[in-house]
Structure formats: structure tokens, C-alpha cells
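Reviewing the structure listed below.
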Amino acid sequence: MAERSTAAVDVADNSGDEPLTAQADESSTADGVATNRERGKDIDEAQGSGGTEGPEKASAPELHSGHKLASRYRLEECVTRLDGFSSWRAVDEKLRRAVGVHILPADHTRARAVLAAARSSALLGDPRFVQVLDAVEEDDVVYVVHEWLPDATELTALLAAGPLEVYDAYQMVTQVSAAMAAAHREGLAHLRLNPNAVLRTSTGQWRIRGLAVNAALRGISSDTPQRADTEAIGALLYASLTQRWPYESDAYGLSGLPKDVGLIAPDQVRAGVHRGLSELAMRALANDGATASRHEAACTTPEELVKAIGEMPRIRPPEPAFTAPPDYQRTTYQQGTYGRPAPRPGVTQPVPTPPPPLQSRTGKALKWAVSALLIAALGLGSWQLADALMDRGKQSDDPNQNQTNDGGEKNGGKNKPAEPLKITGSQEYVAEGDAQHPKDVGLTYDNDATTGWRTNSYKDGPKIVIKPGVGIVYDLGATQEVSAATLSLRYGGDHTTVQLYATKTLDSSTPLSSMKQLGSATTSGTSAKVTVDKPVKTRYVLVWLTAMPYSGADSANYSQPGYKQAITEVKFAG
């Protein structure tokens, strides 16, 4: 059963209305919905996203924990109940996974709009958004089922601890802007893009929940949806840099700006703010319908914001901090002070004078004895070396005798056979975008060909277009000499390309450009072997897929049709 999470249900807070929660405490909910009264208003008007309709006459269906929808979705916990709809944490008993569910009466005035928005969002299929899994009208009830992300944290909770680091804020605005640009190209808007709707997963990827659905649930619309979403992204970046909400009203646990001051740049609110990101936030935020930045043109669409980010100097991740090992501390016995009191701090201790060299008659005798032993040892070693050379010469003169190397092999024989290397750990490598299925990486070396790790299904291929590639870093336990890697794959077809890299860490902190490529292989079958021309010593090896074949739906592997691949077994040889 899934634990309570901050990343599941995608209804934002309630514009000042107090929600009627069911068996949920006042301080937190499973989705960060506005049961916390300290968050204040949602101020949709300040974001340019329009107002909300009044409360509906239709009442929410009388449901309870344990109720099942479609004999499949078992309701577990109500996290929000307001305006005639309710949101729940539930369990999909068919696939044995946690899901989130929004439920409305079929006669609710927004029911048709919610169904249409959910189905449009589901058709987008972009992994950067929390996916809508089902949208159904059944038994006088309309319900929308979506992903539940137990390993993700909403931006509201992250900002409660303080502003984001520069690189995290840069990644957030980059990924959110690109995702919303893709959504608007398909005619979809969010209109309730706020810190509750943006999540960071355990792998550091950012995802957006409630695309189109949140606005439909609350009856929100806008004549300028692209401008509204762009300004909302600017507000997210502003809050991430300053831990302040860029309007006068407090919201989402953040203090607003001082009244009668107007909108001031983030780098004037807080010292140390990245100047380029501060300018970017101001270009996206509206100030009486115009850009708040005096230096650059306004960004009025997510596409323009993506372009502006691309023109900025790239912000690189911080270097990993290594804790310096403590100075080696010798014991007082080793320091020659055993039994003596320790020196007082700040007092300079005299350096002891070394003893004089051996000058006595006994010392001179000892010197001569040592010299004689050294001469005898050198003579004996020279004699043994000469004897060994003579024996080798005799063996080379005998044509009927084969020479052997140190390993016992004949010189004319084959090289020493490769030895299998043990894998002690693994982690999915994420160069860009979202992770694939990080919890399944251990299934690629469990000696069970029926299990494995799979990628997402992509629309374009065989070459992966949306990102540079996908793969897994393996830990060999210690530095080993790697000569080859053999992969068992689930899907055959034209074609799979596998590359092998030596890397320095198990996680994704080392960029691909800093790794050493060991080899590559392309196959149209269900196996691939990458051979290293010159064996390389490394502890961590990245198996990297850059092209994948097209395959249909695979219900046994829970994958949709598209360009995809699954690795069932990986073996390394040294």
C-alpha cells in the first residue's frame, strides 16, 4: 500500500474556501491541497488565470473508504472535498498500484468539461506531466484516475525549507517551460500552474500535475492562456529564487511582497540571486500587462521563455563536495611521549635532538657486519641470475620443447579467457528529462530473464530524439578491468544501439561528455555484445541506449506501443 505522499492528487488550493476534508488533518494532505489554512488564497486573478465559478448546487457523491469504482479502483483516503467534487488516494487492484482519483456527480455543471480536459491531457502522453490514466462516466458519477507519485515532493514543500539552489531553480524553469511549450503546441493549457502543481521526483526531474484538469475542476478559463501560463512560470521562478510570492498577498506558505512597492527584481529582494535567472523571472512576470523587465523584451508564451533560457549561459551543476579526511592522529606512544603529560595548547614544544651516530667500537663492528652481508647477498643474487639465463638459453635451443608463460599457457595458444565480473549495485542514469523505471534496475542482473528494466515508449525513433539516451550505471564493487558487456533484450527489430562508458560515480552527476567511451554495438535481435578493444580499468560502467526498435503494446510488461526497449540481463567480463 502506498504511503501518504506530497505528489499524488493534483487539485490546487481552494482560492480562500475552506475544504471539507475527510479523515485528513489540517496541516498536510496527500497532495498538498489547501487544507493548510496558513497558505492563504490562491490568487488566480493575480496570475491572470481568471476567476472561479461559485459553488455548485450538485453535491459530491456519498463515498467512503473501501468503495470501489468499476470493480477496480478501491478508495483509500479522501484528501479534498469542495465545490461538489472530491479527490482520493486509491488503489488500482488490477495493476496493484496506488492512483489518485477525482470524483464528481454526473450532473455537475463542470462534469463534461472535466471529462474533456482529462481525455485531452491523456492523449498528450508527455512523461513530463502526471499522466491521466482513465476518465469515465459511470453510475451517475464522473471520475478521473491519474498517476500517484510517492517519491515526488511538491515545490511548496521544497520552498518551505528555503530558496532553491541556483542549479535546481534553473532545472525547474527549464523543464517546466519546455513541458508547457509542448502542451500549448497541442492546444492544452494549465491555468493553475502554481507551487502545488510542480513536483520534483527523487531523481531530480520536475513534473507537472493537473494539466487542463485542475482548471476544469474549478471552472477557470482565460482569453490569453499562453500568457497566463508564462506568467505563472515566472512566478514559480521568482518564488524559487527568493522564497517570496511576487504579489502583495501571501500564498502557498510564502510571504508576499511589501505593499505599495510594486514588483522588484529577485536579486533586489535577496542577496546572491543569479542575475540571469532574476532577469528571466522579470521577463515572464506581468506588470500592468507589460513586461516587468526594463532591459529585455517580455516573454509572453512558454515557447519564447524556452528560447530565452536557451540564450542564457548554461548553468552547470555544482561540483560534488568531498569532506576532507581528518589529519592522521598518532598516539602519544608513537610520538614518543608515552607516560609524559600532554603539552598545553599554545605552548611551543622543543624539538628533541636526534641521537648521535654510532661512534663506539661496537657500532663500527656492526657496520662492517652489515656491509659483509650485503656483499654476500649481491654475489648470491648474481650467481642465481646467471644460472637462470643459461637454463633459458638451453630451452630456446631445444626445438622439441615449448615455452610457457607465467599463467601456464603455451606462447602459441590463445589469450586467457575472460572472467565474469560481479555487479554489486546499479542506478538509472538520467542525462536529461525524466527517469524511466529506476526501481527496476536491479532486475537486470538477477539471473532471471523474465524480469528486467524497461524504457518508456517514444513516438519517434529508432534514434531517441527527446533526450540523448537512456541507461543504467553498474557498480562492479571495485576497480576492474572490463573487456566486454553482454545484454539480453526483450524487443527485437530495427534497431537497438548500445554504448558502453566508463564513469566515475554511480549517480547521474558525471556528464556524458566527461566519460570515456569503451565501445558500441548495434543489433536488430534480442541480444547485444559490446567488446572493448583495449580493456579499461573502472569501477562504474554505463550501459547507454541511443536507439530502440518499434514494438507494439506489451501487456505483460505494462508498456504502450512505440519505440522502446527492455534489458532483462546484463553481464560484464574482465
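Heavy-atom neighbours of E165 CD from other residues, nucleotides or ligands within 6.0 Å: at or below the threshold of 12. Around NZ of K439, the count of heavy atoms belonging to other residues, nucleotides or ligands within 6.0 Å does not exceed 12.
Between the side chains of H495 and T522, not a single donor N or O lies within less than 3.5 Å of an accepting N or O. Side chains of Y474 and T444: a donor-acceptor N/O pair is present below 3.5 angstrom, by distance only. Using modelled atom types and a 3.5 Å distance limit, the side chains of T230 and Q226 yield no donor-acceptor pair. Residues S86 and W88 bring a donor and an acceptor atom of their side chains to less than 3.5 Å of each other. Side-chain N/O atoms of D250 and S255 include no donor and acceptor closer than 3.5 Å.
Judged purely by atom type and a 3.5 angstrom limit, Q175 uses its side chain to pair as donor or acceptor with the backbone of W206.
Side-chain contact between R244 and L254: absent, with no pair of heavy atoms (C-beta onward) separated by less than 4.5 Å. Within the 4.5 Å cutoff, the side chain of V470 has heavy atoms near those of the W453 side chain.
Judged by the 6.0 Å and 45° rule, K564 forms a cation-pi pair with Y491.
Here the two rings, on Y563 and Y458, have centers that are 6.0 Å apart or farther.
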> Can you list the steps and then say if R209 with E154 is a salt bridge (charged side-chain N to carboxylate O under 4.0 Å, His left out)?
Replying inline: CA-CA 10 Å; R209 65 184 175 195; E154 65 182 25; 2.8 Å; yes

